[in-house]
Structure formats: C-alpha cells, structure tokens
Amino acid sequence: MRRALRYLLMVSATTVGVLLFLLAVASGDTQLFDSYYSWVLGANIAVGVGLLAVVLFLLARLYSRYRRGRFGSRLMARMVLMFAVMGIVPGIVIYLVSVQFVSRSIESWFNVKVESALESGLNLGRAALESSLRDLRLKAAGVSEELADMSDSLIAARLPKIIERNQLQEAIVVNSSGKLVASTNTKLTRLLPELPTPSMLARAHSSEGFGVIDGMPGADKDGLMPEQIRLRVIVPIRSDGSLFKLRGDARYLLLVQPVPEKLSVNAEALRVAYSEYQERSLARTGLRKFFLVTLTLVLLLAIFAAMVSAFLLASDFAQPLLLLAEGTKAVAQGNLSPRPIMATPDELGTLTQSFNIMTMQLSDAREAVERNRRALEDAKAYLESVLANMSAGVIVFDEQWQLVTFNASAERILRLELKPLLGTAMSLIPALSAFRDPVMRSFSRLNAQAAADRSGGDAQHWQQQIEIPRERGSNYSDSTDITLLARGSHLPVGAGRGYIIVFDDITDVISGQRSIAWAEVARRLAHEIKNPLTPIQLSAERLHMKLQPKLVGDDVALLERGTNTIVNQVVAMQQMVDNFRDYAKTPPPLLQALDLNALISEILELYSGMEISDAIQPVLQPNLPIILGDATQMRQVVHNLLQNAQDAVADIRRSGREPAIHIVTEAFDYPDAGGQPRTAVRLTVSDNGPGFDPALIKRAFEPYVTSKPKGTGLGLPVVKKIIDEHGGRIEVQNRKDGPGAKVLILLMKLAKYSV
C-alpha cells in the first residue's frame, strides 16, 4: 500500500508539474489562452480532485487505525498534522501575498497616468504627422503653381526635376477623369503608380486640396514587410491665374511622401501598445479572475501533495518505530529473534540495526544465562543429592536465625518435621530449645574469637557435642536421648551472613564405645576374680574337712556356718564372673528365620506352675512377620526381661495390688532413612512395679547401673548388646497409664527383606 501510494504521488507530481507549466504558458499567450486554457485548467482540477480523494481515503484509514488503537496511529496523526501544517500555512501565506500582489500589479498596469501617457504619445505622433502633412501640402501648392501653365508633355518632362528639387519621393499628375498625365518616383518602389480614386479627386476639387495619412507595405532591413506610414496630398493645378475656376480638362497633382522611418516605427509601436492596452484594460477583471483561479489551483495541489507527502513521511518514520515496538513486545514475551531491518541510511535504519544487534546480544546472553542456570541447577541437584544422601544432618539459618534449608538427615536425626518450619526463627521452635542454646553460645564464641584475631586465625568454625533429651513414649521407635557432634560456620545467605550447622548422631557410637569399654572391664574383672575363687573354695572345703572331726559343740556349728558362707559367696561370685564373661564375649548371632510368637510361647511354658505365672499376660499378634534372629540369644533376651519384671513385681502384693506382667508382640511401621514406611516387629515387656528410677533411666543400659540390692546391673546391658547385634533398637521408659516400667524392642530384620 505504501509503495503504491509513493508511485501514485510521483506520477501525480509529474502530471501536476506538466499541467502547471502548460497553464503558465497558456496564461502568457493570448492564442493559447483562448485555445487550450480551459482544457489545461480542467486537467489540473481533475488531478486536484484525485489527490483530494487520496487524502480523504488516507484520513479515513488513519481515523480507523486510531479508533482501533493500532500502534503508531497517534504518532502518524501527529506527524501528518505537523507536516500538513508546515505545508499549508506557508502555502496560504504565499497565496495571500500572491493574490494581493497580482491584484495590485494588475491595477497598476491600468493606471490613469499610463493611459494618459499613451494617449499623449498618440497625440504627439498625430501632431507630427499632421505637421508633415501640412508641409507636404505647401510643397504640393508650390509645385502646382509651377505646373499651372505647362502642357502635359512639358509637365511629364519637368516633373522629375521638380520632384528631385523639392526632395519628394513620388508625384502623379492626372486629369479630371483620372487618367495619368505624368508620374515620377525617385525610389522606384513600384512599377505602376497608384492612381487616386474619384472620391479623392472630388474632395480635392471641392476644396483647396485633399490630404490624408495612410500606410503602404514596404521592406525593412530584415526583409520583413512592416506597415509604413505615408502622406498623400492631392491639389488641383491652376491654369489661367484664377484660383478655383477650372476648365473641363482640369489636372490634379498627387504627392506621396513616406514619413521618416524612425518616426514611423515609433508611431506604429505606440499605436500597437495603445491598442493592446485598451484590449487588456477591457479584460482586466477576467485577467484577475484567471490569475486567482490559477493561484488557488496551485495552492490546492500543493496542499494535497503536502498532505499525501505527510502520510508517506509519517509512514516512513512510523514503520521503523512500529518494527521496534513489535520487537520490544516480542522481547518482553521472550522472543529474541531478529526483526526485519529498514534498509535506510538514516538514523532510523541504524536504530533498527542496533536493535537487532541488541536482541542478538540478549539472545546470546540468555543462552549463556540458560547454560549457567542449567549448570547451577545441575550443581544444585548434585548438592541436594549429596545432602540428601549424607548421613550427617545439615541445617542453614539466615542472619536472623530463621530456618532457610535442611536435608532429610536433619529431620531423621532430630526426629522433627522441619519443612513446615521454614522461615521460622529457631527461638520459636520448642523442639530445638536444647539445640539452640549451645549453638548460639558456640557462634558467639566464634564471633568473639574472630573479632579478637583480626588476621583470621583458626576462628573459622566450631565443634561441640550436644545432648538432646527426648520425650518418652513418643511414636518413634526409639525415644532415647540423642547425642550430636555438631560443627558450625558462617555461610553467605542472600545479601547477608547466615549460619550452617552440620551434625552427626553419635548416640550409637558413644553407646558402642561404652559397651566396648565395659566389655573390656568385665573381661578383666572376670579374669582377675575367677583365678582366686577356686583356691578359696578348695581351702574352705579343706578346712571344713580337717577341722570338723576335731571340733565339738558350738565350734562345729561355727565352722559349718563359716565354710558354707565362703562356698556360697564363691558360687555367687562365679555366677557374677559368668555374667561378666557373657557380656564381654557375646558370640555373634546366627541369624535365621525365627517365629517370635512361638519362641515366647515356648519360654512361657517354662514359667507355668510358678507363682508368677498367673501375673504374666501375653498379647501375641497373629500372623506376625517372621524375623531374622538367633534363637538362643533371643531366648536369653526374653528370659532377662521377664526376670527383671518378676523382680520388679515381687513385693507388689504387700501394697495390696496384684502383679501384672504384659508381653506384647505386634507389627510396627516406621520411616526409613529416605522417609519411606517400613515394617518391623515390636516386642514390649511391661510391668506394674515401681518403675525405673528417673535418675538412672538415662544410664539403664550401662553395666553395674541397677536399683536392685542384689542385682549386678548386667541384665539390660546384655539385652541391649544382643538387640544391637541383631540390628534392632531398644528403649526403656516408665509407663504413663500407671506405675511400672516398659521395655520396647524393635526388630527390623525380617525374613523377607533386610533393612
């Protein structure tokens, strides 16, 4: 559309230029004005109407685009208005000035002074010609007097000399009938003389003579035939001395004398000018209208052409801006493909090229950012994978001690769901109260150390062992207190400085170390105690055997009591030594498929008939999963637990209560390290005795820790060691539904699969 409009404007401009030129030529030539002016004017009007139609079409199209809110329509409207005003206002000013100038100029052409001057010039020319005509009349009168008494033949003979003497050009003598008597011509301008007409002769006969000014064609220097002014005088030739009495054969003298050439040319030019002036003076109103119509048409054509040019220029300016706007919108939507380039050498073309260069750079930058983002995502995924698979827990806090991130091991070790607590300050998390105080103290010492040592030193991190107590009777499989080995350091978080804490659960490590230490102590005690027991027992028996026959009465009874005491204590010490040996050198378990319910039922058969058998209340879940375990060691575990429960309820009847021992088996679901639910078997042995001493419950699995007067404190440690070697967990707690103790054992190795 824009290209077609451009071609149309070029063709219209060419056509208008040609038509205006023809109109100007026609206005300067009367014949062209009369012949072609109306056609040229009509053609110009037709072109103007065409341009007006184009302008109206473009205005309607612009208005439609403006109402639809198309981009660039407002800018195009402003530019069209500006360009139109720039073309119309100067055109109107020039038009008004031209109209005034033409009107005044035309009026000045026909000024009264000019007309008077032309008339005075004509009068002056006439007076000069009249003066020449009077002179010629005087000469004619003189010549006629000389020829008065001459015969026709004599006149013909003397006439040339007389003409030459009087410096006349042509003379003719005719009679009253108009016949030629004599003629002479000094310049021989024609072959035959021009005879006077009868009317001329009649006028000459009725008066003293007849004189007239006329013209005859003559050749000038350039060979042209301009009009030449001549003087013609006819006078009668008097013959008998009387003035007006003429004979019937009266004769007449005709003198023809041209006026001077310069006077003739000037007179003719003055006559022509005066004639044209009179013609223009009569047509000056039409001439004024003609010039006004021409100027108005030129103005309209210029205005229409300016408006069409304004549309083209506005389109040329708006098109690159439209491309840039579309490109900007595409860039905002993420499309960085190159835009079409305006192949123009001006700044707009440079701008579109620069925009494409910018989009290419943005595309390259986005690709680089995308590569970096993918690399960061890969690194983040790798780091998250590493953190997720780390056995150590990781927690990150920001500068205000608000939880930023963590890994799964942190939830597993702390046994706390941290995801709902993201963004929560650590001081507002009650479950981390035991964790918060030592961590903050450690960071405070680290900051103080870093402030004291400006060079940096080793104040980069801290390490501390932290114990976190756990509530008993929770839904976890193990609710014992945990011991953490925590390490902390500063970490950039966002625009500030945060804190990172890495910790490991070393509860099992410490427990294992204690078990190993106690096992070594037990082994050494068993070795040191067992060696003197046999000699002591043998010595006591020998003394009893040697001295009994020699003693009588009370001495024999004293000897009997002493030797029996020694032997019984040695036996008790041997039993204790055996317990030490069993704790120190528990053989590794032989894991086989084991029905825990059947094993417990078999053990309970051994307690049938005993006084305590009525207090034992088994609750065994049917279809219990088969575990992997050592039957001998698991039998020892059940025996030890039942023996502890029996000892706990031994004196309960004295308080008026009936003893009760519950042994319960059930399938138990617990979360594994990845948070997935797994199935295990839980064994619970509880009683309604006095329960564990709160001061000793944390050390219940340490050897020699017991509240029983005759206990060795090795029962629960042996049980824990066996359960640990079976890959299980054990927990002791006091019952919440009444007095008594509870031991919970979780066996996670099943016959179908192993955890």
Side-chain angles (χ1 to χ4, degrees), residues 389 391 408-409 411-413 415 473-480 505 507-509 511-512 515 519 582-583 585-608 616-645 661-686 701 715-733 742-755:
N389 291 280
S391 60
S409 297
E411 291 185 314
R412 175 179 55 79
I413 294 173
R415 300 170 189 174
S474 65
N475 292 328
Y476 287 92
S477 60
D478 187 4
S479 297
T480 59
D505 185 0
T507 304
D508 295 336
V509 176
S511 177
S515 298
D582 293 340
Y583 179 75
K585 293 184 178 180
T586 303
L590 299 175
L591 300 180
Q592 296 177 350
L594 178 63
D595 187 350
L596 185 59
N597 285 343
L599 179 65
I600 293 174
S601 299
E602 181 184 343
I603 295 172
L604 293 179
E605 288 293 331
L606 300 176
Y607 287 87
S608 62
I616 300 176
Q617 302 175 11
V619 180
L620 307 179
Q621 178 180 328
N623 301 321
L624 191 70
I626 304 300
I627 67 171
L628 292 176
D630 189 319
T632 301
Q633 293 184 2
M634 291 303 298
R635 185 178 288 108
Q636 182 180 359
V637 167
V638 176
H639 274 301
N640 286 350
L641 295 179
L642 289 176
Q643 185 63 45
N644 289 340
I661 299 174
H662 299 275
I663 180 167
V664 181
T665 60
E666 58 182 336
F668 178 78
D669 292 332
Y670 71 98
D672 61 4
Q676 299 298 323
R678 303 294 294 271
T679 302
V681 173
R682 184 164 64 181
L683 170 63
T684 304
V685 179
S686 61
F701 297 114
L716 285 178
V718 171
V719 170
K720 185 177 188 307
K721 188 172 183 181
I722 293 174
I723 296 302
D724 288 343
E725 291 182 352
H726 276 72
R729 298 177 184 176
I730 185 170
E731 176 191 350
V732 294
Q733 55 186 241
K742 181 189 293 185
V743 179
L744 298 96
I745 296 175
L746 190 67
L747 299 172
M748 296 177 287
K749 291 185 178 181
L750 304 183
K752 293 183 179 180
Y753 62 91
S754 178
V755 178

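Positions are given from 1, in the same order as the sequence printed here. Bear in mind the structure is a predicted one, so any value in this text is a computation, not a measurement.
Counting all heavy atoms, side chain and backbone alike, Ala680 lies closest to Leu746 at CB-CD1, 3.7 Å. Between His639 and Tyr607, the shortest heavy-atom distance links the atoms ND1-OH, 3.3 Å. Nearest heavy atoms, Ala593 versus Leu628: N-CD2, 4.0 Å. In this structure, Met634 and Leu599 approach most closely via the heavy-atom pair CB-CD2, 3.6 Å. Contact record, Leu624 with Ala667: CD1-N, 3.7 Å, taken as the closest heavy-atom pair. Nearest approach of Gly727 to Met748, heavy atoms of both residues: O-CE, 3.1 Å.
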List the steps, then state whether side-chain contact (heavy atoms from CB on, under 4.5 Å) holds for Ser686 with Ile661.
CA-CA 6 Å; Ser686 61; Ile661 299 174; over 6 Å; no
From CA spacing to verdict: side-chain contact (heavy atoms from CB on, under 4.5 Å), Ile600, Leu683:
CA-CA 10 Å; Ile600 293 174; Leu683 170 63; 3.8 Å; yes
For Thr684 and Ile663, what are the C-alpha separation, side-chain angles and deciding distance, and is it a side-chain contact (heavy atoms from CB on, under 4.5 Å)?
CA-CA 6 Å; Thr684 304; Ile663 180 167; over 6 Å; no
Between Thr665 and Arg682, does the side-chain contact (heavy atoms from CB on, under 4.5 Å) criterion hold? Intermediate values first, please.
CA-CA 6 Å; Thr665 60; Arg682 184 164 64 181; over 6 Å; no
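Summarising the geometry, atom CD belonging to Glu666 is positioned 11.5 Å from atom CG belonging to Leu596; distances are rounded to the nearest 0.5 Å. Atom-to-atom distance recorded for Leu594:CG and Leu750:CG is 11.5 Å, nearest 0.5 angstrom. Going from atom CG of Leu606 over to atom CZ of Arg635 covers 8.0 Å, rounded to the nearest 0.5 Å. A distance of 15.0 Å separates CG in Asn640 from NZ in Lys720, rounded to the nearest 0.5 Å. Here the CG atom belonging to Leu747 is positioned 12.5 Å from the CZ atom belonging to Phe668, to the nearest 0.5 angstrom. To the nearest 0.5 Å, the span separating CD on Gln636 from CD on Gln643 amounts to 12.5 Å.
Taking the side chain as every heavy atom from C-beta outward, His662 and Val685 never approach each other to under 4.5 Å. Looking only at side-chain heavy atoms (C-beta outward), Leu604 and Leu642 come within less than 4.5 Å of each other. For the pair Pro589 and Ile722, the minimum side-chain heavy-atom distance is 4.5 Å or more. Ile723 is not listed as a side-chain neighbour of Arg729, based on a closest heavy-atom distance of 4.5 Å or more.
With Asp595 contributing its side chain and Ile626 its backbone, the two residues share no donor-acceptor pair below 3.5 Å. At distances below 3.5 Å, at least one donor-acceptor pair connects side-chain atoms of Asp630 with backbone N or O atoms of Leu590.
Between Glu731 and Lys742 there is no salt bridge, since no side-chain N of the basic residue sits under 4.0 Å from a carboxylate O of the acidic one.
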